[in-house]
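The analysis underlying the following values was restricted to heavy atoms, covering all of them including side chains, and did not include hydrogens, waters or symmetry mates.
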Amino acid sequence: MGIVCYSAAKLQPVARIQTMNTVEIFTDGGCKGNPGPGGYGCIIKQNGGVREIKGGHPQTTNNIMEMTAAIVALKELRDACKITLTTDSQYVVKGMTEWMNEWIRNGWKTSRRRHVKNRELWQELREVSQRHAITWVWVRGHDGHPENERCDQLANEAIAEL
């Protein structure tokens with residue numbers, strides 16, 4: 001099972017992290033066709049409890065659903081937390097850990113001077129992430145990771161319910 005961990009560029013001071021609640025979030029998104037009907041699934045593990053969330057949209061893209069899953073999960077947290085967010089989306093992980101600061105410096109343009117796709121979602125994901133200390137973890141999709149497989153199932157259920 002391939003797992004790659006990334007830390008967010010701007011973490012909270014260590015003393016504050018130690019007092020934060022620890023939360024595990026798992027997300028996945030997908031579409032039937034791209035674009036096409038899409039869904040997302042989230043699992044939030046906190047204080048011994050587990051919460052599953054799913055949702056969808058009749059016309060969207062894989063990347064939008066991947067980002068939406070992370071946004072929805074992070075919005076569920078009332079307090080600042082120390083989070084490990086696991087996803088099979090390199091787009092989300094690299095966007096948050098490698099590309100974001102350059103996009104902002106470049107006026108939301110890529111290194112090739114093109115407008116960043118899904119800018120509004122990136123801005124929202126950045127906003128809902130800022131009060132937390134997040135470690136972004138990439139796992140290979142459909143590779144047996146139990147929570148990733150369950151999130152995929154939730155996303156597919158959401159698509160079927162559209």
Side-chain angles (χ1 to χ4, degrees), residues 1-31 37-57 60-101 104 118-162:
M1 187 176 332
I3 299 176
V4 180
C5 297
Y6 298 86
S7 291
K10 184 180 176 185
L11 294 178
Q12 301 295 327
V14 173
R16 184 158 179 219
I17 289 173
Q18 292 172 347
T19 63
M20 293 177 150
N21 287 329
T22 300
V23 178
E24 290 180 283
I25 295 175
F26 305 88
T27 65
D28 194 24
C31 286
Y40 64 84
C42 316
I43 298 172
I44 302 170
K45 294 184 175 184
Q46 182 180 24
N47 299 327
V50 178
R51 179 153 186 226
E52 294 183 344
I53 305 167
K54 64 182 174 183
H57 192 274
T60 189
T61 67
N62 288 338
N63 285 339
I64 289 172
M65 289 293 93
E66 295 281 8
M67 295 171 70
T68 300
I71 291 166
V72 166
L74 290 168
K75 282 184 170 182
E76 289 294 311
L77 304 174
R78 283 185 262 151
D79 300 318
C81 299
K82 181 179 176 184
I83 301 168
T84 301
L85 193 149
T86 303
T87 177
D88 64 7
S89 172
Q90 287 193 24
Y91 180 68
V92 170
V93 172
K94 288 185 177 186
M96 292 303 291
T97 62
E98 296 178 26
W99 305 331
M100 179 76 66
N101 290 334
I104 292 168
N118 305 313
R119 175 181 172 174
E120 294 81 15
L121 285 174
W122 284 117
Q123 289 172 320
E124 185 175 8
L125 183 53
R126 180 175 183 259
E127 183 180 319
V128 298
S129 297
Q130 286 187 331
R131 67 187 177 121
H132 303 291
I134 303 176
T135 299
W136 299 87
V137 178
W138 176 79
V139 295
R140 185 174 308 282
H142 310 288
D143 200 34
H145 186 284
E147 290 88 355
N148 180 256
E149 296 291 341
R150 177 63 182 145
C151 287
D152 181 68
Q153 183 180 20
L154 291 167
N156 283 308
E157 288 173 8
I159 294 168
E161 293 169 5
L162 290 174

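Partners of Glu120 according to the side-chain contact (heavy atoms from CB on, under 4.5 Å) rule, which considers only residues two or more places apart in sequence or in another chain, do not exist here. Residues passing the side-chain contact (heavy atoms from CB on, under 4.5 Å) test with Ala155, sequence neighbours excluded: none. Looking at residues two or more places apart in sequence or on another chain, you find no side-chain hydrogen bond (donor to acceptor under 3.5 Å, both in side chains) involving Glu127. Legend: residues meeting side-chain contact (heavy atoms from CB on, under 4.5 Å) with Ile159, ordered by chain and number and at least two apart, are Lys32, Pro37, Asn156. Under the rule for a side-chain hydrogen bond (donor to acceptor under 3.5 Å, both in side chains), the partners of Arg51 that lie at least two apart in sequence or sit in another chain are Glu76.
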Starting from the C-alpha separation in whole Å, work towards a yes-or-no answer on side chain to side chain contact (heavy atoms under 4.5 Å, CB included) for Glu98 and Gln90.
CA-CA 11 Å; Glu98 296 178 26; Gln90 287 193 24; over 6 Å; no
Side chain to side chain contact (heavy atoms under 4.5 Å, CB included) evaluation trace for Thr60 with Tyr40:
CA-CA 11 Å; Thr60 189; Tyr40 64 84; over 6 Å; no
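Of the inter-residue distances, the one linking Phe26 atom CZ with Thr84 atom OG1 reads 8.0 Å to the nearest 0.5 angstrom. To the nearest 0.5 Å, atoms NZ (Lys54) and SG (Cys151) are separated by 12.0 Å. Residue Leu77 holds its CG atom at 5.0 Å from NE2 of His132, rounded to the nearest 0.5 Å. Here Arg126 contributes atom CZ and Asn101 contributes atom CG; the two are 7.0 Å apart, rounded to the nearest 0.5 Å. Here CE of Met65 is found 8.0 Å from CG of Leu121. Values are rounded to the nearest 0.5 Å. Taken from NE2 in His142 to CG in Asp28, the straight-line distance is 6.5 Å, to the nearest 0.5 Å.
The nearest pair of heavy atoms linking Trp136 to Thr97 is CD1-CG2, 3.7 Å. Here the closest heavy-atom approach between residue Leu74 and residue Ile83 is recorded as CD2-CD1, 3.5 Å. Residue Gln46 comes nearest to Cys81 through the heavy atom pair NE2-SG, 4.1 Å, listed as atom of the first residue, atom of the second, then distance. The two residues Asp79 and Arg131 have their closest heavy-atom pair at C-NH1, 3.5 Å. Heavy atoms only, all atoms of each residue included: Gly38 and Leu162 are closest at O-CD1, 3.7 Å. Nearest heavy atom pair, residue Thr27 against residue Ile25, reads CG2-CG2, 3.7 Å.
Judged by distance alone, the side chains of Gln153 and Arg150 do bring a donor and an acceptor atom under 3.5 Å apart.
Among residues at least two apart or in separate chains, salt bridge (Lys or Arg N to Asp or Glu O under 4.0 Å) pairs with a member in residues 37-46 are Lys45-Glu147.
A heavy-atom distance below 4.5 Å is not found between the side chains of Arg140 and Asn148. Between Trp138 and Lys94 there is no side-chain heavy-atom pair separated by less than 4.5 Å. Side-chain contact between His145 and Asp88: absent, with no pair of heavy atoms (C-beta onward) separated by less than 4.5 Å.
Remark: side-chain polar atoms of Asn62 are paired, donor with acceptor, to backbone N or O of Cys31 under 3.5 angstrom.
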